[in-house]
2 protein chains.
Amino acid sequence: MNQKPTLKVLAEKLQLSTSTVSKALKDSAEISIETKVRVKELAKLMGYRPNTAAASLRNRETRTIAVVLPEIVNDFFGQVLMGIEEEASQHNYKIVICISNESYVKERDYVEMFSNGAVDGFIIAASMETQELNQYDHYNDILNSGLKLVMFDRVIDDLDCDKIIVDDAASGSRLVDFLKKKGDRSLCVASTISKLSVGQLREQGIKLKVDNCPDLKLEYVLEDDDQLFMQKMEKTLKANKTDAIIALDQRSGIMALNKTKELNIKVPEELQIICYSNSTMAKYSYPQLTVVDQHSKELGKKTFTRIFNLMKNKDEVQVTRIHTLKTTLLERGTTRK
Amino acid sequence: MNQKPTLKVLAEKLQLSTSTVSKALKDSAEISIETKVRVKELAKLMGYRPNTAAASLRNRETRTIAVVLPEIVNDFFGQVLMGIEEEASQHNYKIVICISNESYVKERDYVEMFSNGAVDGFIIAASMETQELNQYDHYNDILNSGLKLVMFDRVIDDLDCDKIIVDDAASGSRLVDFLKKKGDRSLCVASTISKLSVGQLREQGIKLKVDNCPDLKLEYVLEDDDQLFMQKMEKTLKANKTDAIIALDQRSGIMALNKTKELNIKVPEELQIICYSNSTMAKYSYPQLTVVDQHSKELGKKTFTRIFNLMKNKDEVQVTRIHTLKTTLLERGTTRK
DNA sequence: TTGAAAGCGCTAACAT
DNA sequence: ATGTTAGCGCTTTCAA
């Protein structure tokens, strides 16, 4: 259990002052080349690592971001987190993780807990409860205390902060076009996330498009609960008019697919299914689900990059504060060629 | 953007010294009731939150744990993380997350990065590469520098540290018993994780049991790559002798199930499938996969509790350093009643 | 080119 | 019961 070397220790061994050592390690122009070399050699030899607490205290920055997620057992958020984490570690930032579990109170508590200078900023996707209650004073608190905030995916429209989202409404419209071209006329929107902003946007995009096409028809299976969802889906499919299902989330997509198996409906010949979110579940379903790829990891990277820039160019005026990523359709086994 | 109040600010407003204020907030017995009340009131009013960097520096503890995971888009690790995080936030600990991506180098870099006093300890599940290379000096470095280390699930046998695991070998044996009672004789072990300690243990447990039952037969489909796995599985199933598949991980389980659909094999009537890991994928497969539930969230909680105790009872001698959790079989649609 | 000194916010041993 | 003081490890201004 060898002692952690500090600047002081290095300085003593080298017969220098701590300030010289500090500057040398930072490649300050004030210091001679020889000294720098000497210092760095010993630092390396002794495995010197600066004490982050001391640096934070002194520099008033923690190089830490709190990431608040509604859930973590969820491929979308997992992939986003991967992107955030990858980018963060590249920039020598730490990520502390907070799981709100879709609860407003937990989310608020986390924000409060870390607003004391424990982190430099927050990356947040709002919990379901927060979106339902539309209660977001805690986000304002973040901004008011001078910390940075970037929201992604599940954002608050009325809040004036940086946001990274995907083209939910537009993608909905595109899906309708895609299915229409394949000859489908009777579409069904399936969702277990009608409470979420993203779910609503996707619905709106789809509806808008369908309303503009007199020959298209639209049904809905919107239901949170698995059991009820399956019942409604069964009723809809048994009516035998549906040509295609657009599932707004992975759960509804996989449940719809399972229901077609129960009812012996041939997919994609008799019915096409498209599903939001490029999840592992969709990849390993049988047949593989055609999905809307949100490029979640990229989304995570963009999100970190944004907050990073906010922290660096402190006073720069942001022109666009909402960044919209384009989704793409990944055609697989539940849609026809 | 109101200023963050410090002890000094509170002290000035109250005409007290910072040490009195500090003690009052900590409910020290030295301080009078009235003063405590006065201090706490103002602290609350002004929204005082102690500066964690300063406290860390002074107390030599960060109340932060680094959690190093091989991947995050994985229900098992996600559930474990949930457990860790839940327990941690209960004890006012922060969790910084590190994703090794199954890479030895990334894992080692993370450990080095946080071994400077940025965290009080590490919770680690070894990356695949680390297990293959059996290279774990970086774990020893953690221990040597006086930091705490608890491994879970993917552990290093030769390393003398605290470990939380599940009864992988024993559970394998139990599964064989279970299938045997159902009348199955020809079993097949499927796995995409033969490189991992957990995969090997499960294999061993199964083999041991089968070897002790002269009437049982055992085949293997061990293959990392999805394509190759599917090919081998097809060959095995077409031979038409297999009564049951024990899949050692969720991917092999779902792929096996998909192959039975391709080949029109009736599950569970003609073939039973049991699969390790209670994943979302297994829950939403059709039919629902019978799984070995590892109680992953509990595992995460236990893991945090262990490292927490290590940090608190600093000198207490640990009697058992390996904690084994019992798995349970969750009978669902791919096994017969 | 190097060093001395102050201070970030907090705690605790040691006065008073 | 309250206050004084020193110091955790680092950075940075100012002086030498």
Side-chain angles (χ1 to χ4, degrees), chain A residues 2-40 42-43 46-64 92 114-120 145-146, chain B residues 2-40 42-43 46-64 92 114-120 145-146:
Chain A
N2 34 15
Q3 210 42 291
K4 263 161 282 210
T6 64
L7 284 185
K8 198 169 150 199
V9 173
L10 294 183
E12 275 163 9
K13 296 228 181 211
L14 292 163
Q15 298 279 62
L16 288 169
S17 73
T18 59
S19 63
T20 304
V21 175
S22 170
K23 287 170 189 166
L25 289 172
K26 291 210 140 46
D27 259 330
S28 159
E30 298 176 22
I31 307 297
S32 72
I33 302 277
E34 308 93 81
T35 306
K36 282 187 193 170
V37 172
R38 281 212 309 144
V39 170
K40 286 182 184 170
L42 185 66
M46 300 190 64
Y48 170 76
R49 316 240 62 215
N51 179 311
T52 42
S56 294
L57 183 57
R58 172 70 225 219
N59 299 333
R60 271 102 208 306
E61 74 160 11
T62 61
R63 296 190 82 81
T64 305
N92 244 286
F114 289 112
S115 289
N116 55 353
V119 301
D120 299 338
S145 66
Chain B
N2 34 17
Q3 211 43 290
K4 264 162 282 213
T6 64
L7 285 186
K8 198 168 151 198
V9 172
L10 293 183
E12 275 163 8
K13 297 228 180 211
L14 292 163
Q15 298 280 61
L16 289 169
S17 73
T18 60
S19 67
T20 304
V21 175
S22 170
K23 288 170 189 166
L25 288 172
K26 291 208 139 49
D27 258 330
S28 160
E30 297 176 23
I31 307 297
S32 72
I33 302 278
E34 307 93 82
T35 306
K36 283 187 192 169
V37 172
R38 279 211 311 144
V39 169
K40 287 181 183 170
L42 184 65
M46 300 189 65
Y48 170 76
R49 316 242 62 214
N51 179 311
T52 43
S56 294
L57 183 58
R58 172 71 224 218
N59 300 333
R60 273 100 209 309
E61 73 160 13
T62 61
R63 296 190 82 83
T64 305
N92 243 285
F114 289 112
S115 288
N116 56 352
V119 302
D120 299 337
S145 66

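Each chain gets a letter, A, B and so on, in the order the sequences are listed, and its residues count up from 1.
- The distance between atom NZ of A/K8 and atom P of C/dG3, rounded to the nearest whole Å, is 16 Å.
- As judged by a 4.0 angstrom heavy-atom cut-off over every strand, B/A29 is placed among residues touching the sugar-phosphate backbone only.
- Listed pair A/T35 / C/dT2 meets the phosphate criterion, a side-chain N or O lying under 4.0 Å from OP1 or OP2.
- Taking the side chain as every heavy atom from C-beta outward, A/L14 and A/R38 approach each other to under 4.5 Å.
- Residues B/T6 and B/N51 are not in side-chain contact: their nearest non-hydrogen atoms beyond the backbone lie 4.5 Å or more apart.
- Comparing B/L57 and B/S19, the nucleotide of DNA chain C nearest to each residue sits closer to the 5' end for B/L57.
- One interatomic measurement links the two molecules: CD of A/E61 to C1' of D/dT12, which rounds to 15 Å at whole-angstrom precision.
- Closest to the side chain of A/K23, from the set D/dT11, C/dT2, D/dG3, is C/dT2.
- With distances taken from any side-chain atom of B/R60 to the nucleotides C/dT11, D/dC10, D/dG9, the minimum falls on D/dG9.
- Computed from coordinates, the B/E12 CD to D/dG3 P distance equals 13 Å when rounded to whole Å.
- How far OG1 of A/T52 is from CG of A/N59: 11.0 Å, rounded to the nearest 0.5 Å.
- Atoms CD (B/Q15) and P (D/dG3) sit 9 Å apart, rounded to a whole Å.
- Remark: P of D/dC8 and NZ of A/K4 are 15 Å apart, rounded to the nearest angstrom.
- Taking atom CD1 of residue B/I31 and atom C1' of nucleotide C/dT16, one finds them 14 Å apart after rounding to whole Å.
- At whole-Å resolution of the value, CZ in A/R58 and P in D/dC10 are 13 Å apart.
- The side chain of A/K26 places an N or O atom within less than 4.0 Å of a non-bridging phosphate oxygen (OP1 or OP2) of D/dT11.
- The NZ atom of B/K23 sits 6.0 Å away from atom OG1 of B/T20, with the distance rounded to the nearest 0.5 Å.
- Between C/dA4, C/dT11, C/dG7, one nucleotide has an atom nearer to the side chain of A/S17 than all others, and that is C/dA4.
- Comparing B/E30 and A/L7, the nucleotide of DNA chain D nearest to each residue sits closer to the 5' end for B/E30.
- Going from atom CG of A/L25 over to atom P of D/dG9 covers 16 Å, rounded to whole Å.
- The side chain of A/T20 sits closest to C/dG3 out of D/dG9, C/dG3, D/dT2.
- Using a 4.0 Å cut-off between a side-chain N of Lys or Arg and a carboxylate O of Asp or Glu, A/K36 and A/E34 do not qualify as a salt bridge.
- Regarding contacts with the backbone of D/dC10, a side-chain N or O of A/Y48 is found under 4.0 angstrom from either OP1 or OP2.
- Residue A/S32 is in sugar-phosphate contact alone, with no base atom involved, counting any heavy-atom pair closer than 4.0 Å across all strands shown.
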